[in-house]
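Start at 1 and go down the list; that is how both ligands and their atoms are numbered.
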Amino acid sequence: MKNFISRRNFLIKTTGAGASALAVPLLSGFAFQDKAKPGIKPVIITSHTNETGQKAMETGWEILRTGGSAVDAVEKAANIIELDPEDTSVGYGGLPNERGVVQLDASFMDGKTYSAGAVACLENIKTPASVARLVMQRTDHVLLVGAGALEFAKAWGFPEENLLTEKARKIWLRWKEEMSSSDDWGSPEHLQNLSKNESYRHDFPDIEHHYGTTNVLAIDNNGDIAGCTTTSGLSFKLNGRVGDSPIIGAGLYVDNEVGAAGATGRGEDVIKSCASYYMVLRMKDGRTPQQACQDALQMIVDRYKKVNPGYYPSEKFVAINKYGELGCAIMRGNRNPQMSVRSDKGYSRYDGTVAFPGK
Ligand code: GLY
C-alpha cells in the first residue's frame with residue numbers, strides 16, 4: 001500500500017500522465033523550452049532501423065526537444081512502430097500465434113521512480129506500450145496478462161480492433177499449410193535444429209526473423225531515463241506463450257543512476273539470463289554500453305557451454321548510459337547490427353558489433 005500511495009503522489013505531481021497515454025501524438029502543442037541541464041543531452045534510440053523506426057525517432061525527438069519527458073517520448077515513439085501495419089514483428093500487423101491470433105507483449109519502465117508496467121498476451125489492442133505505461137502509472141501492479149490486460153485496456157478506453165492484417169494472415173496460413181518443421185512442438189533436438197528453409201519465407205522475404213521486437217530508450221532534458229519494449233512475440237508461438245519483452249529485467253531495464261537496456265531476439269534465453277538487468281549492472285560496474293551488450297551475449301553463451309556447446313541463440317541487445325553513450329550488439333551473423341538514434345545532431349544509425357561472427 002505504501003508504494004501505491006507514493007506512486008499516486010508521483011502521478012499528481014506529474015500532471016495526468018495517464019490521460020495523455022491515450023492521446024494521439026499531438027506534437028504541435030509543445031512550446032520550445034531550452035531547459036537542458038549542463039552536461040545532459042537528450043537522446044532517443046530504437047532497435048528499429050527502417051523508415052518507421054526513423055519516423056518514430058522524429059516523433060520522440062520532437063517531444064524531448066520541446067522539454068517533454070522521456071516517458072512521453074518513449075511511448076509516442078513506440079506507438080508509431082506498433083501502428084505500422086507492414087511491420088510483422090510489433091503491434092498491429094504482427095505475426096500471430098499458432099492459432100492465428102495476434103497476442104502482444106510490452107513493458108514500460110521509468111528510471112526515475114523504478115516504476116514498471118507490462119502486459120502480456122494482450123489481444124485486440126493496437127498499442128500495448130500505452131497499456132503497459134498505464135499499468136505502470138495507474139495500478140500498483142507490474143504485469144497484467146490475457147483477458148485481464150484486455151479488460152484493463154478497455155476500461156481505459158482503448159478500442160478493441162482486429163490486429164491480424166491480410167499480410168500477416170497469409171503468412172500464417174502459408175505456415176500452417178506446411179505445418180512447418182520450425183514450430184514450437186517437438187523434442188529439444190528438433191528445437192535446436194530449426195529449419196531455415198521454410199517456403200513461406202521465400203514467399204514473404206521481408207520477414208527477417210521470428211522474434212522481431214522493438215526497444216525504445218530515451219533520456220530527457222532533466223536526465224530522466226525511460227524505456228519500452230514492445231512486440232508481437234515469437235511468430236506461430238503456442239497460445240499463451242509469453243516472451244522476454246514484458247518481463248522487467250529480461251526484455252527491459254531502466255535505472256536513472258546508470259542507464260537503460262533492452263533486448264530483442266529469442267526471448268526464452270533472455271528471460272533465463274535476465275539480460276537487460278545484467279547489462280545495466282555491467283554499466284554500473286563501469287562497462288560502456290557497448291561492452292555491456294557484448295558481456296550479456298557472452299554470458300548467455302557461457303551458460304550453455306556445458307550443456308549445449310555451440311548454441312548461439314539469436315539475440316540483439318541495445319543499451320544507453322546516463323551520459324548518452326550507446327551500445328548495440330548481436331549474437332551472430334555477418335553484418336554489424338544497427339540502431340536508430342535521434343539527438344540534437346540529427347538522425348543517425350549507430351553501428352554495433354557481432355559478438356560471435358560467423359556462427
Ligand atoms: N523477444 C521477443 C520474444 O521472444 O517474444
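Only the side chain of S245 comes within contact range of ligand 1, with a heavy atom under 4.0 Å; no backbone atom does. By the criterion of a heavy-atom distance under 4.0 Å, neither the backbone nor the side chain of K316 is placed next to ligand 1.
A donor-acceptor contact closer than 3.5 angstrom is absent between the side chains of T264 and T213.
Atoms of ligand 1 lying under 4.0 Å from any heavy atom of G233, numbered from 1 in the order shown and given with element: 5 (O). Within ligand 1, counting atoms from 1 as listed, the ones closer than 4.0 Å to a heavy atom of G243 are 5 (O). Of all atoms in ligand 1, listed by their number and element, those nearer than 4.0 Å to a heavy atom of L234 are 5 (O). For ligand 1 and T213, the ligand atoms under 4.0 Å from any heavy atom of the residue are 1 (N), 2 (C).
Using a 4.0 Å cut-off between charged nitrogen and carboxylate oxygen, K154 and E160 count as a salt-bridge pair. Under the 4.0 Å criterion applied to side-chain N and carboxylate O atoms, K167 and E86 are assigned as salt-bridge partners.
A pairwise comparison of heavy atoms in V270 and E315 identifies CG2-OE1, 3.3 Å as the closest pair.
Of the listed options G265, G212, G262, P313, G265 places a heavy atom closest to atom 1 (N) of ligand 1.
At most 12 non-hydrogen atoms from other residues, nucleotides or ligands lie less than 6.0 angstrom from CG of N334.
Between A263 and ligand 1, not a single N/O pair is under 3.5 Å apart. Considering backbone and side-chain atoms together, D244 places an N or O closer than 3.5 Å to an N or O of ligand 1. Taking only nitrogen or oxygen atoms, main chain and side chain alike, R241 reaches within less than 3.5 Å of ligand 1.
Using bins of under 30°, 30° to 60° and over 60° for the plane-to-plane angle, the ring pair Y311/Y304 lands in the perpendicular bin.
A side-chain hydrogen bond (donor to acceptor under 3.5 Å, both in side chains) with R133 is found for one member of D72, D110, T127 and no other, namely D72.
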